[in-house]
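Written out below as structure tokens is the structure these notes cover.
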Protein chains: 2
Amino acid sequence: MATLPSLKGLQAFEAAARAGSFVAAAEELSISAAAVSQLIRTVEEQMGRKLFHRVNRRVVLTEAGVEMLPRLTMAFQEIGSVSREVSGGAFRPRLVVSVPPSMAMGWLSQRLSGFVASHGAVDISLRGDDDPVPFDRELIDIRLSYGPHYREHPTEDIVRDAVYPVCAPALSGAIKRDDLVGLPLIHTDWGPTGASFPSWRNWFEAAGIDPGRSARRGLSANSSRAALDLAISGLGVALAQGIYCAQALEDGRLVRPVLRTAELRQPYCLTIPERSARRDVVAAFRDWLIEECLRSVESPALRSHDSS
Amino acid sequence: MATLPSLKGLQAFEAAARAGSFVAAAEELSISAAAVSQLIRTVEEQMGRKLFHRVNRRVVLTEAGVEMLPRLTMAFQEIGSVSREVSGGAFRPRLVVSVPPSMAMGWLSQRLSGFVASHGAVDISLRGDDDPVPFDRELIDIRLSYGPHYREHPTEDIVRDAVYPVCAPALSGAIKRDDLVGLPLIHTDWGPTGASFPSWRNWFEAAGIDPGRSARRGLSANSSRAALDLAISGLGVALAQGIYCAQALEDGRLVRPVLRTAELRQPYCLTIPERSARRDVVAAFRDWLIEECLRSVESPALRSHDSS
DNA sequence: CAATCTAGATAAGTTCAACTTATCTTTGGA
DNA sequence: TCCAAAGATAAGTTGAACTTATCTAGATTG
């Protein structure tokens, strides 16, 4: 079918299928039952397929009808709700933000109130997703991801972060050697997103240190957040990412026992689909988010120790 | 606004907003530009809000218009694609299945081909989600979850699984004592879904054994699948769930060094929203899924050792 | 077992939303 | 400076959508 069937016809079908009766649908749409009957007949002709079985004086959905109903219901609900929101003066811009799960849980959710406070009425939906994210299906306005995926949308590099050994001040005081050999290490399982993140093994290699067996020893955590918490508890030395540990370094819960860093192989990237780019809220959020990223990564606590 | 604005008007708005021009929209809709202009004016009157700024001989979306566009685009695309699929004879029923992430990755994805083979033309979308899942927004047809959530939809208990100590045959042979004290244990971080799953601590308590320090010792894995792999590698004894380890027990990659089990506190539950229940595909998938669950949990490998 | 009720189909006529053509205004660009 | 092109508007036309009225045939009931 080159062109769509009649929208009103589809609407009548949707109401009738949902209600299970033409009369009920007619009432819902404030038209006569005869109109519903005709609309649906027209749609069936246009689509070349029966949507209802007429059994006696009942109607029962055909397989094709059953298949259409939920999708049409969702579509018409969306049309209805967006129309109602916009026409009833008090619509709030909706902003769908997607970031890697680890950021959604900690870093970003802590800072989000800052944006809301400065920007006012916005409905923000914060999603923690692994790549790839379905921009169109979920109407995502802005996606922060590790590395450039999404060549099909405008993407900009924001910042290239690094990982640092960090530990509790108490543990740091007890460190004699500065190559970390023999210390309890906290390993982070970065998950699928961070498959290419540096491990302790990489860090030792880059530093030219043979860690012996100690590169395998110690605790492991399945999130960067958990790894940081373990480090703060003094259980060992974690390889923490700048953006996540800047705060703890600043307020002294963590220190950097040695200064060597390992840069991440990929920058963090911001992807904003064309359709969202012109929205004011999106532009404002983009600026704010970049500012926050840079502030976190280039925090004085990290800078002052920078050892390149 | 009590009732929706004109659907054709919204459609015209959507096309014009997307194309950035009334003339282009008119061409797309195969009507005259004057018609587009009038339709949009009508919608604006019905909604009591301008959707376009008329600047010279250009049109620019207002904030309200920008807000509406993506959601309308998605809705009309959905209407178009469902209509096209159903009217163009070869529509395939679409089945959206949601299960806990651990099942989506392993157990279910391995078995799914069986259903497709027996049932024929179906488009299955398999999602790994944590509870709660958005039934309506994602049009989920069937959800398998641990424990009964979703009182608002018809839900049935399927099976109550249990966890068992399992290990590689080689390791089993080396075991002298049958209380597992002193053996390397593999701890599983069940994630948010399984917050109430039995841990080694629980298992020892239930068995009336004081594990001493050994309940904390050993490896940990952040998924049941990873824990099983570690156990198969002979690195320790894992507490594995029946449904996941039945296969490995049957083909001898794993054995049960001791027979005590710990029942899960909740049964696995199947939730099917009203709208999906009447679909043939859904009913068929439900039957198949229940069958597969029972077969896995009540596999001979588990049964023959059952120690209640 | 009529008598009645109700859901849906159909016919015929009506109406108004949607569409066309024609004309006007503005302006961006050659 | 003049034209081409985009949008607004007016006036008239068309047909999709709607109404009322009537028909059919299962359900329901006294």
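All of these numbers come straight from a predicted model, not from anything done at the bench. Chain letters run A, B, ... following the sequence lines, proteins first, then strands; residues in each count from 1.
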Next item on the list: Answer whether the closest heavy-atom distance between the side chains of B/D136 and A/M74 falls below 4.5 Å.
Entry: no
Whole-Å distance separating the [atom1] atom of [X] from the [atom2] atom of [N]:
| X | N | atom1 | atom2 | value |
| --- | --- | --- | --- | --- |
| A/I40 | D/dA16 | CD1 | P | 18 Å |
| A/L7 | C/dA18 | CG | P | 10 Å |
| A/Q46 | D/dG15 | CD | C1' | 13 Å |
| A/H53 | C/dA9 | NE2 | P | 14 Å |
| A/E45 | D/dA17 | CD | P | 12 Å |
| B/E27 | D/dG7 | CD | C1' | 16 Å |
| B/F13 | C/dA18 | CZ | P | 16 Å |
| A/L4 | D/dA16 | CG | P | 16 Å |

Next item on the list: Could you note down all residue pairs passing ring pair (Phe, Tyr, Trp, His ring centres under 6.0 Å) where residues 28-47 of chain B supplies at least one of them, sequence neighbours left out?
Entry: none
Check: Reckon A/S37 has a side-chain N or O less than 4.0 Å from the OP1 or OP2 of C/dA9?
Finding: yes
Next item on the list: Give a yes/no on whether any side-chain N or O of A/R41 is located under 4.0 angstrom from OP1 or OP2 of C/dA9.
Entry: no
What I want to check is whether the side chains of [X] and [Y] have a donor and an acceptor closer together than 3.5 Å.
| X | Y | result |
| --- | --- | --- |
| B/R143 | B/S98 | yes |
| B/T62 | B/R49 | no |
| B/S296 | B/W107 | yes |
| A/D131 | A/Y150 | yes |
| B/R58 | B/S21 | no |

Next item on the list: Have a look at B/S6 and say if it touches a base, only the backbone sugar-phosphate, or nothing, with a 4.0 Å heavy-atom cut-off.
Entry: sugar-phosphate
Output one line per pair: protein atom, nucleotide atom from nucleotides 19-22 of chain C, and distance, for all N/O pairs under 3.5 Å.
{"from": "C/dC19", "atom 1": "N4", "to": "B/Q38", "atom 2": "OE1", "distance (Å)": "3.1"}
{"from": "C/dT20", "atom 1": "OP2", "to": "B/S32", "atom 2": "N", "distance (Å)": "2.6"}
{"from": "C/dT20", "atom 1": "OP2", "to": "B/S32", "atom 2": "OG", "distance (Å)": "2.7"}
{"from": "C/dT20", "atom 1": "O4", "to": "B/Q38", "atom 2": "NE2", "distance (Å)": "2.8"}

Note to self: Treating primed atoms plus P, OP1 and OP2 as sugar-phosphate and everything else as base, which nucleotides of nucleotides 25-30 of chain C get B, S or - for protein heavy atoms under 4.0 Å?
What the structure shows: --BS--
Next item on the list: Scan B/R279, B/R94, B/R286 and name whichever one has a side chain to side chain donor-acceptor pair (under 3.5 Å) with B/D141.
Entry: B/R279
Next item on the list: Indicate the atoms forming the closest heavy-atom contact of A/A12 with A/I40, along with that distance.
Entry: O-CD1, 4.1 Å
